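Since the structure is predicted, the reported quantities are computational estimates derived from the model, not experimental observations. Whatever order the structure lists them in is the order used to number ligands and atoms, beginning at 1.
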Amino acid sequence: MKMRFVCVVVMGLVVVLGGLPFSSDAQLDPCFYKKSCPQVHSIVFNVVQKVAKTDPRMPASLLRLFFHDCFVQGCDASILLNNTATIVSEQQAFPNNNSIRGLNVVNDIKTAVENACPNVVSCADILALAAEVSSFLGGGPYLKFPLGRRDSLTANLTLANQNLPAPFFNLTQLKASFAAQGLNTTDLVTLSGAHTFGRGHCFFILGRLYNFSGTGKPDPTLDTTYLQQLRKICPQGGPNNLLNLDPTTPDTFDKNYYSNLKVKKGLFQSDQELFSTPGADTINIVNKFSSDQKAFFNSFATSMIKMGNIGVLTGNKGEIRKQCNFVNKKSVEVDTGSLASESEEGMVSSI
Ligand code: HEM
Ligand SMILES: *[C@@H]1O[C@H](CO)[C@@H](O)[C@H](O)[C@H]1NC(C)=O
Ligand SMILES: *[C@@H]1O[C@H](CO)[C@@H](O)[C@H](O)[C@H]1NC(C)=O
Ligand SMILES: *[C@@H]1O[C@H](CO)[C@@H](O)[C@H](O)[C@H]1NC(C)=O
Ligand SMILES: *[C@@H]1O[C@H](CO)[C@@H](O)[C@H](O)[C@H]1NC(C)=O
Ligand SMILES: *[C@@H]1O[C@H](CO)[C@@H](O)[C@H](O)[C@H]1NC(C)=O
Ligand SMILES: *[C@@H]1O[C@H](CO)[C@@H](O)[C@H](O)[C@H]1NC(C)=O
């Protein structure tokens, strides 16, 4: 399989970015590493491709990791920070604990990238590039992420629990969760399409299978044959087994997620809500994508780049971490005063 790493700038994008008035912050740029680390794309590609050969689920896991980073204080690699004396890791947040995967793969990528171009590529950009490669390896669209993100000095467990949507959410809650990140209804339906590959645990659907919203009955928006299949894998009081998010093509990035919703085979309530909420404005979008994979792929590329721009640190904000799980050790000269003056500056320039 081949992937082109040509650094092509989309004309429209340049016009839009260049048109922002009085933007003192540096902008992300697809060619950010063109001079400083031109091999970065192929390095990320090679590591992920190699892992995917023995672990076909890994592209899905890496794509999800990027989503879980971006929704929590922006795409700043905060999710990668481990517990230390000063950091409360996001990795034990309810949506992440025993669920996120790929942290070691990210570290392997970082090591390979540091060997080629030390101190240049951020962990936040590595997460974006890993997501880019993962979509491609799964058979999905080629995402051309703008780069130049920097890494956070903090993590926020509280925010991870607050901002990441739950599989028990109804459509109103899903829309609110995405709107809080500047993502609209089209983005919600589009990005949910990432559930076209990867796995989920029984834990998240037991309610749907046995006692939906306290009714004592299964979720009526679940196909009855599919219900029986799911109950076999997830017996009541049984082990917390893994399920394919897409029962038709479990490791392929395609439009089947949407055709599944149309036949009541969405795995999570949050999936099925997009099609089964009466009168919802999401139904037309599901219909469209279920019959037009190109439309889904184009929309996915757009929405992913939008998600990838959430709360990014650029310019001299944050840092380029040496090791993705830890913030760099501060030099003696740098104290908290410099942080304070930086945020003051930010406030002044935003007026
Ligand atoms: C719309 C709200 C969303 C909810 C409620 C949600 C929830 C979940 C849950 C509960 C799992 C299974 C976790 C587990 O059992 O360990 C999962 C897996 C996954 N999610 Fe989402 N998700 C949402 C949106 C997204 C988005 C926006 C993306 C990426 C763009 C995404 C990508 C994935 C992938 C690829 C997996 C499979 C991961 C793996 O196999 O390791 N999800 N999601
Ligand atoms: C960081 O924490 C994870 C568990 O969340 C652990 O698997 C990993 O070994 C830790 N990494 C380092 C470098 O200590
Ligand atoms: C995270 O998972 C571990 C291991 O299963 C468990 O011991 C711990 O209580 C969980 N933490 C949270 C905050 O749920
Ligand atoms: C985490 O985010 C919350 C909500 O924005 C904020 O109140 C809190 O101060 C943050 N905590 C840390 C450790 O940054
Ligand atoms: C969605 O869930 C919220 C919180 O549980 C609830 O207040 C709201 O009524 C629900 N909306 C719909 C349309 O069911
Ligand atoms: C279903 O859940 C409700 C509320 O949590 C509970 O009161 C009820 O006993 C449960 N029914 C069954 C059949 O487990
Ligand atoms: C939602 O965002 C997409 C880009 O992701 C944009 O094309 C679309 O016009 C927006 N829709 C609405 C209703 O604002």
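- Between the side chain of Glu273 and the backbone N or O of Asn170, no donor-acceptor pair lies under 3.5 Å.
- You'll find the ring centres of Tyr258 and Phe275 outside the 6.0 Å limit.
- Taking the six-membered ring where tryptophan is involved, the planes of Phe289 and Phe296 are tilted, since the angle between them lies from 30° to 60°.
- For the residue pair Asn82/Ser89, the side-chain donor-acceptor check at 3.5 Å is not satisfied.
- Numbered from 1 in the order shown, with element, the atoms of ligand 6 that lie under 4.0 Å from a heavy atom of Gly214 read 1 (C), 2 (O), 3 (C), 4 (C).
- At a distance under 4.0 Å, a protein heavy atom can be found next to atom 14 (O) of ligand 6.
- Scanning the protein heavy atoms around atom 3 (C) of ligand 5, the nearest turns out to be Asn170 ND2, 3.6 Å.
- There is no protein heavy atom closer than 4.0 angstrom to atom 9 (O) of ligand 3.
- Criterion: ILVMFWY side-chain heavy atoms under 4.5 Å apart, direct or through other members. Under it, Phe253 and Leu243 are not part of a common hydrophobic cluster.
- Those atoms of ligand 5 with a heavy atom of Thr172 less than 4.0 angstrom away are 11 (N), 13 (C).
- Looking from atom 11 (N) of ligand 6 to the surrounding protein, the closest heavy atom is Asn211 ND2, 2.8 Å.
- In summary, of the residues considered (Leu242, Leu245, Asp246), a side chain to side chain contact (heavy atoms under 4.5 Å, CB included) with Arg199 occurs for Leu242 alone.
- Taking the six-membered ring for Trp and the full ring otherwise, His195 and Phe268 have centroids separated by under 6.0 Å.
- Which parts of ligand 3 touch Asn98 is read off a 4.0 Å heavy-atom cut-off, strictly below it: atoms 1 (C), 2 (O), 3 (C), 4 (C), 5 (O).
- Atom 5 (O) of ligand 3 is approached by the protein to below 4.0 angstrom, counting heavy atoms only.
- Every atom of ligand 3 is numbered from 1 in the order shown, and the set under 4.0 Å from a heavy atom of Gln92 is 12 (C), 13 (C).
- Nearest non-hydrogen protein atom to atom 1 (C) of ligand 3 is Asn97 ND2, 1.5 Å.
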